[in-house]
Structures are given as structure tokens and as C-alpha cells.
Amino acid sequence: MNGMIPKKIKGFRDIDPELNELRQQVVEKAGKVYELYGFRHWDTPVLEYAENLGKYLPDKETVAEGVYSFRNPETEPVYKNDGSELRDENDLVVMDNHHIAMRYDLTAPLARMYAEELFIQSLKGQLTTNNAPLFRRYQYGPVYRFEAKLDPGRFREFWQLDFDTVGTADVAADAEACMVLSDALEAIGLEKKSFVVRLNNRKILSGFLSGIGIAGEEDEASVLRVIDKIDKIGIDGITAELGKGRKDSSGAVIPGLGLENKTVNAIANYFERFVEDKSRESTIEALFSLNAKNEKFTEGMAELTRIDELLRASGYDEEKVLFSPSIVRGLGYYTGPVYEVESLLTFTDRKGNTRRVGSICGGGRYDGLVERLLGIKVPATGASIGVDRLCELLLLSGEATLQQKGTVLITVFDDELMGEYQKISAELRSAGIPAEIYYGAQRGLKKQIGYADKMNSPVCILLGSDEFEKGVVTVRNLALGKELSATIENKDEWKRKVQKEVSRNELVETIKEMLGRK
RNA sequence: GCCGUCGUAGCUCAGUUGGUUAGAGCGUCUGACUGUGGCUCAGAAGGCCAUAGGUUCGAAUCCUAUCGACGGUACCA
């Protein structure tokens, strides 16, 4: 045991019963909504071959690019692109300890699962974009990222709750994804007014940028990275960063991209129109008025217009889903519509500042992900709720309370009576009432009731040998007692009000009554 | 990762220009109340002042490094 003390890894957490309860509720309520739309519940392993996870290949044995990974302790064959085993000059199968990684999201494993199922078929040339099967699933569970910096609400192990549709290029699936997110968040208990779904299309961004001379993947990516910050640093901020660079409030120098003034102005002018939220209709109008003669832009606009129609047809008005032309999201990943949900709830931090948590869901269309694994383009789209961040938000904003209801606590006076205690608890449980016997070592009654109090027990039962012989049980209404304790003056009187002696065979009924379950 | 601020009891924090024995509130425990939650009262436990070096007659206080927390920035599948 040399070299370590008992503590958890940075960015990882122990989850207490209260938070577990909240998290489970989020997952259950949203999951139900997903099912209403036809998504089926799947799980995949936490570990995957690093190569299958996509673009982040680990650098030797080290954790690289934010992914936890290690070498598989057993050797396995190395494969060629056609699926056959790689052989050396002696015709022996080449073996290797493959890189294994912990999943960093649930989408990459989905792509692997889908591709694995269809791999043979694709080798035989029987799979095409047109006959790729439709697959809809939802999934939740922990994902792992080796984050360099841990902000509040940002962890290295956290839950996502995904739903995806694989096998359709129809942007109706994207429109639907926005509806699903909106429905799910409402089901979780967020008020309509407290969040907004924001939608954009990467084709529009990309088309606009290439129209003003920013083509090439790298140039586009670096510009998009700056645009992504617009809600944080504003038009002036991005103008500076696209050009000469700027100094931030802490005095740190942020180098600019050094674009020509003409280009910077074009970008600034474009986004200036969309600083304020507008209706979907007028956003579309404003985009059309740019008159960008670019194929990609036009394609993106057609998709956006269709999504607008579909949302309207389904009754999702402006207050629920907006178009925000500056939404960027993951680079080198999303290919068309992208969306995220911004929470408008606020909380007060320790310094008394009012703050927002911001984005709690994200998603979009990724038409290239399966292609990396199968060599055949299979369009897909989906989104994810950041479960832990959402829980954090619900707690911080006071939207959720964590107080859990306790059990009926059966206090212990006498080991001889343990059989009776067990019997009582069994009776309560079969009546559907959570019950628990006090097993602590310190048996002072004060201690026992103190425990019940701390566990938020509504009722406790007191049964000693004298009562047992008389065939009675003392029942104390702790919940009522707590209420009355504010005004308590005479302790004996208080005791009389909250506690009563009942006949043993009326016990369960009495407790039901106290719990208001009758 | 880079820049900045901060690390004192389980928690929230005092702690004088470097000076003897480091404090408070809350919480915990004990008792008044030996079989009863709250309030009140009396008492107790609890600190290598983050860690390791250095400066000094003397360090919680000054310097350096490391670790950790927070804020900004970068990144974000």
C-alpha cells in the first residue's frame, strides 16, 4: 500500500443517494420520451478498440488527446482493410496488443455497433447508402474524458443520454431531434420558458465562409473556433481575434488569425444580424437576403427551411426552437444541421454573482461517422443530454431538491426481540412501506431517533419487552414532530401529540394512516 | 496546457508590522433528560496552520518548489 492514500481520482466523483435519485429520474423521464418516438434502449461496453472510436488515436502508452487508453494485455490479429488478417513474410498472422480506450461519448460506439453488424455485408458489396438499414436507439451511461481543466459541472466521468437515428439523410430526423430534446426536457420538469433549442446548419456556415474566400478545412476550422465564442466575447471580441488578436480581462494575450480587414468585416457583418434572437422566419429571411451564391449555402438553406416547416407543422413554435446562425459545435464531425439547448436558468455563485450554466444538450448530423468504419456513407443524426451537467444545474438553480424520504425506522431495545422486529419490518415492506431496523452499535434511544431524524424517516417504531408483553407498540410520528418542534414548549405535551401506543395487530394500518397512504 | 488568486479544526472563516500557549461560529461527542428528535444550559474532543525545503534568535505570516482549490484563457467528440 505504498505510494497512495485513499482518495479518488481528480475529476471523478462519488455519487450519494440523493444525486443518484435525481440522476435516475432524469434518465427515466427523458428515456420514456425517447421511447415514445421509437428509440430503443441499448447499451454498449465502456471500453472499445481505440481505432474504432475514431479520430483520437492514443499516442503510444500515454493518455493523449483527452482519451483514457491503454494497451490490450492480450495480443490479437492485425487486420487489413478488406477484413483479412495481416500476415508477415513467413505467412504468419501478425499479432499486436491493440490500443483500447474508454469511450468518450456514446455516438462513436453506436457507429461501431452499427458497422460491426453490417461489416460482412459491406465486404460482399451488398451494402449501399440506399439500402443501409434504419436504426434508432437511445443509450445512457458514463463516458470518460481526460479533461485538462475541470470547471464546475465538468467532470472526467459523466453521463450522457443519447438518441440517434442512423440510416436517413432526411432532415426531418433533425427536426424531430429538436422536438425530442424539447419534449424530454419538459418531461424532466424544466419549464418551457427556462430553455431554448438552438439550431443551425454547418452547410450554411461553411458555404458562407467559402463564399468570402475561406475554403480549406484548416482555415475554416480556425475561423469556426473563433465564431463559436461569439456569445462569450461578442462581435468586437471575434473581430479582434479574426484580425490582430486581443487582450482578455486577465491580461492574457490572445493571438489573432490575422485575416484581411475585408474578410473580418464580412464575417462581423454577417453575425451582427444575429446577435439578438429573432423569429425563425426572420432569421431565414435575413440569411436569404445575403444572397450568397454558393451551392453549399443554398443546400443548407433549403434544409433549414424544410426543418422550419416541419417544426411548425408539429406545433413547435418560436419559443421552443430558434435558429442561431453562430452555433458551431464539434469540428470535423458534424456535417449538416447542428443543435444545442441553452438553459436560461440561473444560479448564484459563492460570490453572489448570477450565473448561467449554458448548454445542456448538443447534437447534430454526422454523415461521415459510419463511413470511416464501413467505407460506405451512412447518414445519421442524433443528440445528447448532458445528464450530470443538467443535474448540477437543477440543484444550483434550486429547481430540484434532494431530500429523500426515509424509511420507517424500527428501533432496537432488546436482542431477544429481534425476531419481532424482523417480522414487523417484513409486514411493512409487504404493505409497500420502506422499513429498516436500526443496526447501529450505539443503541441509546436518543442515538436511534437521531439516526431516524437524519435519514428523514417519517415514522419510527418503539418496541421494548414491556410493550411486547402487553401486545402493543409505540409509534412516533417524526414528520409531525418536526413540524411541531418549531413551537414546542412543553416537552411532555409535545411527546403526547406525536406518539401513541397502538395494539400490535393495528400497527401496519396505523402507520399507513400516518403516512397518508390510506 | 498557460496566466492569476488562494490553501488555518469535519464545515465557514478570524489570526495585528514575523514574537510566547493558534481562536470563533456551526457540526460532533458527553451530561442536565439513566426509554425519546427541537430549544436551552454545562462540559469535552478535534490543528505538523496543504506538503517539502529555505531566510530568521524566532514563521500560520517572508522566499522557492510541489500538490490541491478557485478564476481567466486554450480545448471541447
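Quantities reported herein were computed from a predicted structural model and do not represent experimental measurements. Chain letters run A, B, ... following the sequence lines, proteins first and then strands; every chain starts at 1.
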J.: Take the protein atom NZ of A/K446 and the nucleotide atom P of B/rG31, then report the distance between them rounded to whole Å.
T.: 8 Å
J.: Under the rule for side chain to side chain donor-acceptor pair (under 3.5 Å), what residues qualify as partners of A/T411, not counting sequence neighbours?
T.: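 Not a single residue meets the side chain to side chain donor-acceptor pair (under 3.5 Å) criterion with A/T411.
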J.: Please determine if A/E220 and A/R225 form a salt bridge, counting it only when a charged side-chain N lies under 4.0 Å from a carboxylate O.
T.: no
J.: Restricting to nitrogen or oxygen on both sides, can you table the protein-nucleotides 41-43 of chain B pairs closer than 3.5 Å?
T.:
none

J.: Is the shortest distance from a Lys or Arg side-chain nitrogen in A/R137 or A/D164 to a carboxylate oxygen in the other one below 4.0 Å?
T.: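 Looking at A/R137 and A/D164, the cut-off is met.
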J.: Rounded to the nearest Å, what distance is computed from the CG atom of residue A/L484 to the C1' atom of nucleotide B/rU36?
T.: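 Result: 15 Å.
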J.: Short of 4.0 Å, heavy atom to strand atom, which residues of residues 460-467 of chain A count as contacting RNA chain B?
T.: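 A/L462, A/D466, A/E467 - these, ordered by number, are the residues of the stretch whose heavy atoms sit under 4.0 Å from the strand.
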J.: Taking it one step at a time, do A/F39 and A/Y138 satisfy ring pair (Phe, Tyr, Trp, His ring centres under 6.0 Å)?
T.: CA-CA 6 Å; A/F39 297 95; A/Y138 80 94; 7.8 Å; no
J.: Search all heavy atoms of A/T381 against all heavy atoms of A/G364 and return the closest pair with its distance.
T.: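 Between these two residues, the closest heavy atoms are OG1-O, 3.2 Å.
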J.: Under 3.5 Å, which protein N or O atoms sit close to an N or O of nucleotides 27-30 of chain B? Give each pair with its distance.
T.:
from	atom 1	to	atom 2	distance (Å)
B/rC29	OP1	A/K447	NZ	2.6

J.: How about A/E436 and A/S425: does a side-chain donor come under 3.5 Å of a side-chain acceptor?
T.: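 Result is no, nothing qualifies.
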J.: Looking at A/D414 and A/R443, does any basic side-chain N land under 4.0 Å from a carboxylate oxygen?
T.: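 Result for this pair is no, no salt bridge flagged.
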J.: Rounding to an integer number of Å, can you tell me how far A/I9 CD1 sits from B/rC67 C1'?
T.: 16 Å
J.: Specify the separation, in whole Å, of atom CG of A/D164 and atom C1' of B/rA77.
T.: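 So the CG-C1' distance, A/D164 to B/rA77, works out to 13 Å.
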J.: Just N and O in the side chain of A/R225: are any of them under 4.0 Å from OP1 or OP2 of B/rC75?
T.: yes
J.: Identify the stems formed by RNA chain B, where each pair is Watson-Crick or G-U wobble with both distances under 3.5 angstrom and a stem is at least 3 consecutive pairs.
T.: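 Paired runs of 3+ in RNA chain B: B:1-7 with B:67-73, B:10-13 with B:23-26, B:28-32 with B:40-44, B:50-54 with B:62-66.
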J.: By nearest atom, which of the nucleotides B/rA77, B/rG37, B/rG35 is closest to the A/Y333 side chain?
T.: B/rA77
J.: To the nearest angstrom, how far is A/D105 atom CG from B/rC75 atom C1'?
T.: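 Nearest whole value for this atom pair: 16 Å.
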J.: Find the distance A/K149:NZ to B/rA69:P and express it as a whole number of Å.
T.: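 So the NZ-P distance, A/K149 to B/rA69, works out to 11 Å.
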J.: Classify the side chain of A/Q448 versus the base of B/rU36 as yes if they form a donor-acceptor pair under 3.5 Å and no if they do not.
T.: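 No, no donor-acceptor pair under 3.5 Å.
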J.: Within this structure, what is the CG-to-P distance between A/L445 and B/rG38, rounded to whole angstrom?
T.: 13 Å
J.: Are A/R13 and A/E157 ion-paired here, with the side-chain N under 4.0 Å from a carboxylate O?
T.: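 Not counted as a salt bridge, because no side-chain N and carboxylate O are separated by less than 4.0 Å.
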J.: Are A/H41 and A/Y34 near enough that their ring centres are under 6.0 Å apart?
T.: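 No.
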J.: Using a strict cut-off of less than 4.0 Å between a Lys/Arg side-chain nitrogen and an Asp/Glu carboxylate oxygen, indicate whether A/E427 and A/R504 qualify as a salt bridge.
T.: yes
J.: Flag this pair as yes if the NZ/CZ of A/R156 is under 6.0 angstrom from the six-membered ring centre of A/F12 and inside a 45 degree cone about the axis; otherwise no.
T.: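 The answer is no; the distance or angle limit is not met.
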J.: Rounded to the nearest Å, what distance is computed from the CG atom of residue A/L150 to the P atom of nucleotide B/rU73?
T.: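 After rounding, the reported distance stands at 17 Å.
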J.: Sequence neighbours left out, what passes ring pair (Phe, Tyr, Trp, His ring centres under 6.0 Å) with A/F195? Give chain and number order.
T.: none
J.: Verify whether one side chain among A/S69 and A/Y104 offers a donor that lies under 3.5 Å from an acceptor in the other.
T.: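 The criterion, which ignores hydrogens and geometry beyond distance, is not satisfied for A/Y104 and A/S69.
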